[in-house]
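One structure is given here, and the rest of the page talks about it.
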2 protein chains.
Amino acid sequence: MTTTARRGPGRPSLTERRREDTRTEVSRVAARLFTERGYDATTVEDIAAGSGMALRTFYRYFRAKEETLAPLFAAATRDWVDRLADCPPELGLVDALLAAYRASVRHSRVTNGIDEAQLRALLRMMEGHPAFRATWLVVHRDSEDQLRPVIAARVGAAPDDLAVRLAAGTANTAVRIAMERWAVGEASVRSAEEAVAQALREVASGGLLAP
Amino acid sequence: MTTTARRGPGRPSLTERRREDTRTEVSRVAARLFTERGYDATTVEDIAAGSGMALRTFYRYFRAKEETLAPLFAAATRDWVDRLADCPPELGLVDALLAAYRASVRHSRVTNGIDEAQLRALLRMMEGHPAFRATWLVVHRDSEDQLRPVIAARVGAAPDDLAVRLAAGTANTAVRIAMERWAVGEASVRSAEEAVAQALREVASGGLLAP
DNA sequence: GAATTTTTTGGCACGGAGTGCCTGTTTGGC
DNA sequence: GCCAAACAGGCACTCCGTGCCAAAAAATTC
């Protein structure tokens, strides 16, 4: 972490940020072990040992083994939402969503977070590993809730308006489906970015539901 | 089950249906125990005993404790998709989705499946119970895949077309969000049916994403 | 209908997951 | 240096989930 971060009012405290860093660090270790040995063959003790902590301490950071990858996935969606909030307000919602995604994926390539190759490998492991699938879906469900206030602010509505909820849900679903298509290596998908662009453009056009 | 069922070509075998019945039965027992005592306070042995089977046998029907409610949730979405397939083709997609939902909820009120009050109670338990949340989301993710071929058939496209995937994902998300709104008892929601109708109409109009 | 094969069920033992409780160790303010 | 609060670790214990083998039940064959 090289960013010079002032404490700021809405900003999490130093302790909380340290905690998040630890979680991310453990998450990276787990991702490596899972891809190397598989999910079942990796014990929580392995992850704890690899992270230089005791088993009991691991459980102070994660409620369950299957939660271990959540910080890694969540970092990606979190970053996307944050960049959406920073997008110029005159941009249309879909354009902003796409621009935010592009900025996020470009930036996270050079900095911390999860790199695309690893994310892809993990997503491919999801088939046949219910625990993985569940984590992936839970992270996206959380992302939906994070998206709501940002979308609400852009369109000038309340975060719990039905229209805002649905916009968040739809946008989020589009990104999820795009990444799932990209992960399995569908022929017409050249990059995650392209997949997301296609999906967002499709829902922006109304798609099959609004003919 | 009192329906006189011929074997039919696409129909599952008797053994498979017996198995499904057993799963549903156990699912109902678990739903009762969870609502009575809470999720954590209910052990798998309780569920097995309540279902008249040994613990080891339970694990021949379910891979994990958190999977126990899946048949109950899945029966609802499965029924919805089946009725969509039976809707007259000249009906618009959104109208058909809504009609199928109405038929499903009306019919399952008198026959087997899960009744609304219990579903609502279980959904309300989801807050603070990650395992529940995950199951709910996984069921809806599966529903998305079941929806694809049916939608594809209606609009005359391939099931793995991006547009079909997104329509399935969006429709499914709309229903999920509607039910989540209904479950928490939002003021502007009088019934699950009304919530779903509102949500589907909103996405049919294009919503905030297609202004 | 008796014998046999196949499927289903249950008991047992075992390792990993997850937690309550208590003891050490670090951190930070004085 | 002293004390308090937060954090890490060890230990014991319960529950989850599974491999393995034996008993029971169901289907099949003669």
Between the protein and nucleotides 13-17 of chain D, are there any N/O to N/O pairs under 3.5 Å, and if so, what are the atom names and distances?
residue: dC16(D); atom: OP1; partner: Val44(B); partner atom: N; Å: 3.3
residue: dC16(D); atom: OP1; partner: Lys65(B); partner atom: NZ; Å: 3.3
residue: dC16(D); atom: OP2; partner: Val44(B); partner atom: N; Å: 3.4
residue: dG17(D); atom: OP2; partner: Tyr59(B); partner atom: OH; Å: 3.2
residue: dG17(D); atom: OP2; partner: Lys65(B); partner atom: N; Å: 2.7

Checklist entry - Do Thr173(B) and Thr173(A) get their side chains close enough for a donor-acceptor pair, meaning under 3.5 Å? => result yes
Item to check | Short side-chain donor-acceptor distance under 3.5 Å, Trp136(A) and Glu180(A) | outcome: yes
Checklist entry - Between the main-chain N or O of Leu147(A) and the side-chain N or O of Asn172(A), is there a donor-acceptor pair closer than 3.5 Å? => result no
Next on the checklist: Mind checking if Tyr61(B) touches a base, just sugar-phosphate, or nothing, with heavy atoms under 4.0 Å?
Outcome noted: sugar-phosphate
Next on the checklist: Using side-chain heavy atoms (C-beta onward) and a distance below 4.5 Å, is Arg18(B) in contact with Asp21(B)?
Outcome noted: no
Next on the checklist: How about CD on Glu45(B), more than 12 heavy atoms from neighbouring residues, nucleotides or ligands closer than 6.0 Å, or not?
Outcome noted: no
Checklist entry - Should the heavy atoms of other residues, nucleotides or ligands under 6.0 Å from CD of Glu20(B) be counted, would the total exceed 12? => result yes
With a 3.5 Å cut-off and sequence neighbours excluded, list the donor-acceptor pairs that the side chains of residues 31-39 of chain B form with protein atoms.
residue: Thr35(B); atom: OG1; partner: Ala31(B); partner atom: O; Å: 2.8
residue: Thr35(B); atom: OG1; partner: Arg32(B); partner atom: O; Å: 2.8
residue: Arg37(B); atom: NH1; partner: Asp46(B); partner atom: OD2; Å: 3.1

Next on the checklist: Without decimals, in angstroms, what is the distance between Met53(B) CE and dA24(D) C1'?
Outcome noted: 16 Å
Next on the checklist: Between C1' on dA8(D) and CZ on Arg18(A), what's the gap in Å once rounded to a whole number?
Outcome noted: 15 Å
What protein N or O atoms touch nucleotides 20-27 of chain C N or O atoms at under 3.5 angstrom, if any, and at what distances?
residue: dG20(C); atom: N7; partner: Arg56(A); partner atom: NH2; Å: 3.0
residue: dG20(C); atom: O6; partner: Arg56(A); partner atom: NE; Å: 2.6

Checklist outcome for this item: Residues Ala163(B) and Glu202(A): closest non-hydrogen pair is CB-OE2, 3.3 Å
